[in-house]
There are 2 protein chains.
Amino acid sequence: MTSEQPDPAATTDEIRLLWSGHEPGPARRGPRPKLTRSEVVTAAVRLADAEGIEAVSMQRVAAALGYTTMSLYRYVDSKDDLLLLMADAAMDATPPGPREDGDWRAGAEEWCLAVVALYRAHPWMVRLPVTGPPSGPNGIRWMEAGLREICAPGLRPSEAVQMLLILTTVLRETLRMEFDMRQAAHRHGQQISDNESAWVQGLLGVLETDAFPTVTRVLGQLGAEEDKFGGLDSDSERGGGPVEGLGFGLDRILDGIEAYTGGRTAD
Amino acid sequence: MTSEQPDPAATTDEIRLLWSGHEPGPARRGPRPKLTRSEVVTAAVRLADAEGIEAVSMQRVAAALGYTTMSLYRYVDSKDDLLLLMADAAMDATPPGPREDGDWRAGAEEWCLAVVALYRAHPWMVRLPVTGPPSGPNGIRWMEAGLREICAPGLRPSEAVQMLLILTTVLRETLRMEFDMRQAAHRHGQQISDNESAWVQGLLGVLETDAFPTVTRVLGQLGAEEDKFGGLDSDSERGGGPVEGLGFGLDRILDGIEAYTGGRTAD
DNA sequence: TAGTTCTGTGTATTACTTACACTATTAACT
DNA sequence: AGTTAATAGTGTAAGTAATACACAGAACTA
């Protein structure tokens, strides 16, 4: 049941789950709980950070805390709930604040970079099923920061929400691809670039040119192409990978917003 | 192991898997196989179409064919391989052919619509882990059709590949969200729109306005907003949902390409 | 102190993938 | 034709996982 589509059971339940403090409270009957919900969540996050999301089983989390599997269910209704809580907990970093120069586009780029950093800090996040727009306190903080920039050029509410969703989706999925590729490459003692060129070469070896003229042409040129556009993390030498080139795509999306709003900056 | 990050085991293996005909061959020793790989894959696809990807277990697929679980492993090395094969098999529909008027933008929109139709025909596809750009014969056919349009305005190879990847990502993830929401709503006997407004209302009830000024303002206006931009399937009355409004975002992305290439149409 | 309620534990159930050994089959070779 | 060797489908079992359920003991309330 881990990564099937989780029943967000009417968004309401999700919001309740993520916003209910669930702190100890004054004094109830029975034995005092030795754990707290946030301790459980923190342990799970730590485990995921260290060994990946597939290491997060109720057993492993419980073991990490020194308790039995079933004890966790006193703090969390199900594993799916735990994952939801983990996702919001992992977004505890602070998103960029408002810019002084009011340059929404630079602000949006900053925000994207921060999101990338966030995902890099907790790579397992990109593997969690995303039900929809964020609902938890931390998720909303990030949404606030993103919307603030995206709304500035004068998008309507639903437009702004949609564009922000598109940006996060692209960032998340691109990073997921990169993580997958890095992992696969690493298992084979290779670099991502090896894997990419293996894909290009492998396909070129299999495709008949006349059946797929565009693909073969593009793949052929891809191999030869030298100039990688300076991208999101040109600073770090990561041996290539999808995110490195992502700057181009993000620029196009922001271009699209600019073209639509005609460069104005009010609302 | 179903939906962990699958080891694409160097893209090469994936390509080999997807392109090796694996057809009966002349005559080998031992009992004649009673099944073929494609029969297995077809059965799995049929099962997924009918009951969703979570119904696809080796046991269910085998049962559907009237064989035992283990017999399937004569045709497929692992469940992950089966999923890979299913993904490509499900893309058997024919993508749009080249336009006569050479209007790349209209062509790209057509292509997007066709992708949406494809995903609607096999909703489980959006739940499969995507390792990277397509590698299978059918996937490449779709890539050919998409690249043909996207390349036309004069993008460089890596740029075109990236923009196409962004488009598919956005389409797939948006549809996944919609399917999730529809499913959740359905389980509670509601419409998607109910779910959406539950999200808006739920959040508004929880957020403090001054901590999240932009979000509260935007959510407030969202509730009031009347004009839904005519979107991808304004033809079908599906009671709202993410895809309905997606046209706007896609338009921005295509705007961005147009702004970049300056409206020229050659290469 | 008696009663009640809640915590953490132990056990069992269910569902899944897949390794391995076994039998029955059938082509290739003598 | 008879032998050999490879191969197809079966049965069983191991390993991992989530989680339902009952219970022992703790700690508050009356």
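Everything quoted here is computed from the prediction, not taken from an experiment. Each chain gets a letter, A, B and so on, in the order the sequences are listed, and its residues count up from 1.
- Legend: residues meeting side-chain hydrogen bond (donor to acceptor under 3.5 Å, both in side chains) with R141(B), ordered by chain and number and at least two apart, are N138(B).
- Atom-to-atom, CZ of R60(A) to C1' of dA18(D) comes out at 16 Å; the value is rounded to the nearest Å.
- Near DNA chain D, meaning a heavy atom under 4.0 Å from it, residues 68-76 of chain A has T69(A), M70(A), Y73(A) in order of number.
- The side chain of R29(A) lies closest to dT29(D) when the candidates are dG8(C), dT29(D), dA26(D).
- Rounded to a whole Å, the NZ atom of K34(B) is 17 Å from the P atom of dT7(D).
- Ion pair D180(B)/R127(B) flagged as a salt bridge, since at least one NZ, NE, NH1 or NH2 atom sits closer than 4.0 Å to an Asp/Glu carboxylate oxygen.
- Side-chain contact check for T36(B) and E39(B): at least one donor-acceptor pair (N or O, by modelled atom type) lies under 3.5 Å.
- Within the 4.0 Å cut-off from OP1 or OP2 of dT7(C), at least one side-chain nitrogen or oxygen of R28(A) is found.
- Distance CG (L35(A)) to C1' (dA26(D)): 16 Å, rounded to an integer number of Å.
- Using a cutoff of 4.0 Å between basic side-chain nitrogens and carboxylate oxygens, D49(A) and R46(A) are not scored as salt-bridged.
- Atom CE of M58(B) is separated from atom P of dT10(D) by 14 Å (rounded to the nearest Å).
- Closest non-hydrogen pair, N195(A) versus A184(A), comes out as ND2-CB, 4.0 Å.
- The nearest whole Å value for the distance from the CG atom in D77(A) to the C1' atom in dA18(D) is 14 Å.
- Salt-bridge annotation for R120(B) and E178(B): present, with a side-chain N of the basic residue lying under 4.0 Å from a carboxylate O of the acidic one.
- Taking atom CG of residue L65(A) and atom C1' of nucleotide dG8(C), one finds them 13 Å apart after rounding to whole Å.
- In this structure, K79(A) places its NZ atom 16 Å from C1' of dT14(C), rounding to the nearest Å.
- For the pair Q59(A) CD and dT9(C) P, the interatomic distance rounds to 14 Å; values are reported in whole Å.
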